[in-house]
Number of protein chains: 2
Amino acid sequence: MLTNVMEDYLKAIYELQDADQELVSTSEIASQLSVKPPTVTTMTKKLAERGLVEREAYNGVRLTDEGETVAIEVIRHHRLLEAYLVEQLGYDWAEVHEEADVLEHHISETLEQRLAEALDETTVDPHGAPIPSETLALASRSDTYLSECEDGAHLVVVEVSDRDPEQLAYLDEAGITPGTNLVVTEIAPIDLITVQPQPDDTPVSLPMDVARTIRVRELNDEPEQAATNARGGA
Amino acid sequence: MLTNVMEDYLKAIYELQDADQELVSTSEIASQLSVKPPTVTTMTKKLAERGLVEREAYNGVRLTDEGETVAIEVIRHHRLLEAYLVEQLGYDWAEVHEEADVLEHHISETLEQRLAEALDETTVDPHGAPIPSETLALASRSDTYLSECEDGAHLVVVEVSDRDPEQLAYLDEAGITPGTNLVVTEIAPIDLITVQPQPDDTPVSLPMDVARTIRVRELNDEPEQAATNARGGA
DNA sequence: TATCTGGTTTAGATGGAGCTAATAAATAAA
DNA sequence: TTTATTTATTAGCTCCATCTAAACCAGATA
């Protein structure tokens, strides 16, 4: 039986692991989970014994298929909860992450299914992240981040990170949410990128670190109609 | 900070404690929580240190006001969850207990409040148990159990225990749910009581142990109209 | 009053998850 | 190539919640 702490480690490794299956280091995991490196070493050894990760001493770990399955299941719980809390219980998109982070480890298969049924049409969570299907397949996800875009690019916001509530509240205020169209108006050499939601809106400047957490899709110069988004009211 | 195990102990003690504030014994708690007596001794000492229970060695424990507050808060979570899962997520009343027993320790104040708002009109959980108010006041509850009723008595079912899913499914099948009117048609000297939901219904016999978990209100011989109940569909 | 018996408590162990301090490995710098 | 720095790991501790086996009380029985 897996503990919820183990689930947290698997989820963290999944989220830190790039598409190219590189090893995730001890210190990365430690910082993601706010624990000290020795704790991570102990834990990853245990996960390796159970066949959930492959471990290379001093180099890091990589999820096995089994470990990945668990991680995606937890992520499904997380995103279903976020979507449900926003759609059905009036949560603001900035406050759901914490609640979902706890509950994701404690809902039964039954509740998972009931939530999914109640969210029939919903395929992404309130921040735009795709909800893994019941079979734990993940919809493909944009690989382009706002931080990589060039000056003048026309984009639509696909997904923002759900990690930082204050950042989310700020972006919401600034009108940058999944579905928003943006034009990049300036890339300053001080790790600052400026975007403009609507042609005559106030431009919004964002630190590159923030831009790295925003996934976008590039438009071919023809602004698209805004997609619906599941973001909650204030 | 209280652990969820501590919350479980406080809830168990609350539920075992009679109205007359008698001490609850180590072994009663152990059996309620499915742990061994020494575990209970250790835990109740810790709770006593924190001022949540009063402890008399070899005699048992009693909740302090502070301990009772925690217990009622947990019970509020439990019943809100049960009611919500049945009303909004299509749970059957027989299956909610387990889910609520886990989640009750993990929902935030915010979610507690959101659930309460979504259950505006609901004052009892699906089994008829009153939901403590936000200020942790408990509505008064019938003190009469079916097991204490006399032959021929006219009653309305107020509340059934949520502990045993199979028992609940059986009672549901037999039409004994909160709001049901009953007449006691036989009390056999073999710990068996027979009741009849409707005048020309099939009589239902129940072991006294089961009857002891069903709270009723006696009617003055005039059958009342069935009260609404929040029980879920099959 | 002395003894038995059942429930309670103490003693000591285990497994989970975390920590600090010290050591070891890998990498970067001199 | 040797040294310095960063990063990982080992060693050993703590707390939580549980257990079993042994000792202990207290009320019932003889």
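Below, chains carry the letters A, B, ... as their sequence lines are ordered, and counting in each starts from 1.
Contact annotation for Thr39(B): base contact, defined as any heavy-atom pair under 4.0 Å involving a base atom.
In this view, Glu98(A) satisfies the side-chain contact (heavy atoms from CB on, under 4.5 Å) rule with no residue, not counting sequence neighbours.
The closest donor-acceptor contact from the side chain of Tyr91(B) to the backbone of Leu111(A) lies under 3.5 Å. Using a distance-only test at 3.5 Å, with no hydrogens or angles considered, no donor-acceptor pair links the side chain of Ser25(B) to the main chain of Gly60(B).
Of all nucleotides listed (dT18(D), dT8(C), dG18(C)), dG18(C) comes nearest to the side chain of Val5(A).
Taking side-chain N and O atoms only, Ser25(A) has a distance below 4.0 Å to OP1 or OP2 of dA8(D). At least one side-chain nitrogen or oxygen of Tyr9(B) sits closer than 4.0 Å to the OP1 or OP2 atom of dT18(D).
For residues 59-69 of chain A, the pairs satisfying salt bridge (charged side-chain N to carboxylate O under 4.0 Å, His left out) are Glu54(A)-Arg62(A), with sequence neighbours left out.
A residue-by-residue look at Lys46(A) and Glu28(B) shows that Glu28(B) has its nearest nucleotide of DNA chain C further toward the 5' end.
Between His106(B) and His106(A), the angle of the ring planes stays under 30°, which puts this pair in the parallel group of the 30/60° scheme.
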Nucleotide N/O to protein N/O under 3.5 Å, stretch nucleotides 9-13 of chain C:
residue : atom : partner  : partner atom : Å
dT9(C)  : OP1  : Arg55(B) : NH2          : 3.1
dT9(C)  : OP1  : Tyr58(B) : N            : 2.8
dT9(C)  : OP2  : Thr26(B) : OG1          : 2.8
dT9(C)  : OP2  : Thr41(B) : OG1          : 3.1
dT10(C) : OP2  : Lys45(B) : NZ           : 2.1

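Ring to ring, His97(B) and His78(B) are close: their centroids are under 6.0 angstrom apart.
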